[in-house]
Amino acid sequence: MRTHVVDHPLVTHKLTTLRDERTDSPTFRHLTDELVALLAYEATRDVRVTPVEITTPVAPTTGVRLASPKPLVVPILRAGLGMLDGFMRLLPTAEVGFLGMVRNEETLEASTYANRLPDDLSGRQCYVLDPMLATGGTLAAAIRFLVDRGADHITAICLLSAPEGTARLEQELADLEVPVTVVTAAMDERLNEHGYIVPGLGDAGDRLYGVVD
Ligand code: URA
């Protein structure tokens, strides 16, 4: 597994406002959108393309188009949904599948409660959207789910990552033959006793969409 921390002043600038507890939900959603587009630019560096011949007003030339099958984008519900628009702006022809994962707040283990994905993902590049790589349980389960269906190239985009979650992901996915990359805006210090990233930004779902009791 490869982890790519996008070290860019614009990314850190937007992330700083995102972290700030005074940032309201509309601003948080807008900034998430902008941040994801920047991360997606890095994350799609390996997107598959095929050569095409075209003619400009001046001369014939060779370019590229996105290869078939199209990439599949998979936001992990609920908070991953807040990352979808930013990603789709960069890759509007990607297909979208949904994966609902819930974390048991006592055991911190993840399980799937809903999915809307093609049964066969053979030969598909998948982009998983999950804002917080905290314990790593959710992301590890989601990636395994996609690989079990045949996905052969996985890139996860996370706004923030914790070292503990990154280590767990590496360990849990060590047997996979499929390349897995995590693209993230920052590697934070640690997890606290509640499984929150420190300094983090709090509960990403709540900050995007408000608190659900
Ligand atoms: N999920 C969140 O929304 N925030 C964290 O810090 C950890 C998990």
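In each ligand, atom 1 is the first atom listed, and ligand 1 is the first ligand listed.
Residues Tyr209 and Arg78 have side chains in contact (heavy-atom distance under 4.5 Å, counting atoms from C-beta outward). Contact check for Ile54 versus Thr61: side-chain heavy atoms found under the 4.5 Å cut-off.
Residue contact check for ligand 1: Gly202 places a non-hydrogen atom closer than 4.0 Å to it.
Between Gly195 and ligand 1, no pair of N/O atoms sits closer than 3.5 Å. At a 3.5 angstrom cut-off on N or O pairs, Met132 does not count as close to ligand 1.
Regarding atom 5 (C) of ligand 1, its nearest protein heavy-atom neighbour is Tyr196 CD2, 3.4 Å. Of the protein's non-hydrogen atoms, Ile197 N, 2.8 Å is the one closest to atom 6 (O) of ligand 1. Shortest contact from atom 3 (O) of ligand 1 to any protein heavy atom: Ala204 N, 2.7 Å.
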N/O donor-acceptor pairs under 3.5 Å from side chains in residues 33-44, not counting sequence neighbours:
unit_1 : atom_1 : unit_2 : atom_2 : d
Asp33  : OD1    : Gly86  : N      : 3.2
Asp33  : OD2    : Arg89  : NH2    : 2.4
Glu34  : OE1    : Lys14  : NZ     : 2.7
Glu34  : OE2    : His30  : NE2    : 3.0
Glu42  : OE1    : His4   : NE2    : 3.2
Thr44  : OG1    : Ala40  : O      : 2.7
Thr44  : OG1    : Tyr41  : O      : 3.3

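Summarising the geometry, atom OG belonging to Ser161 is positioned 6.5 Å from atom CD1 belonging to Ile197; distances are rounded to the nearest 0.5 Å.
Side chain of Asp188 to backbone of Arg190: no donor-acceptor contact under 3.5 angstrom is found. In terms of modelled atom types and a separation under 3.5 Å, the side chain of Thr181 and the main chain of Arg2 share no donor-acceptor contact.
Under a 4.0 Å criterion applied to the non-hydrogen atoms of Ala134, ligand 1 contributes the atoms 7 (C), 8 (C).
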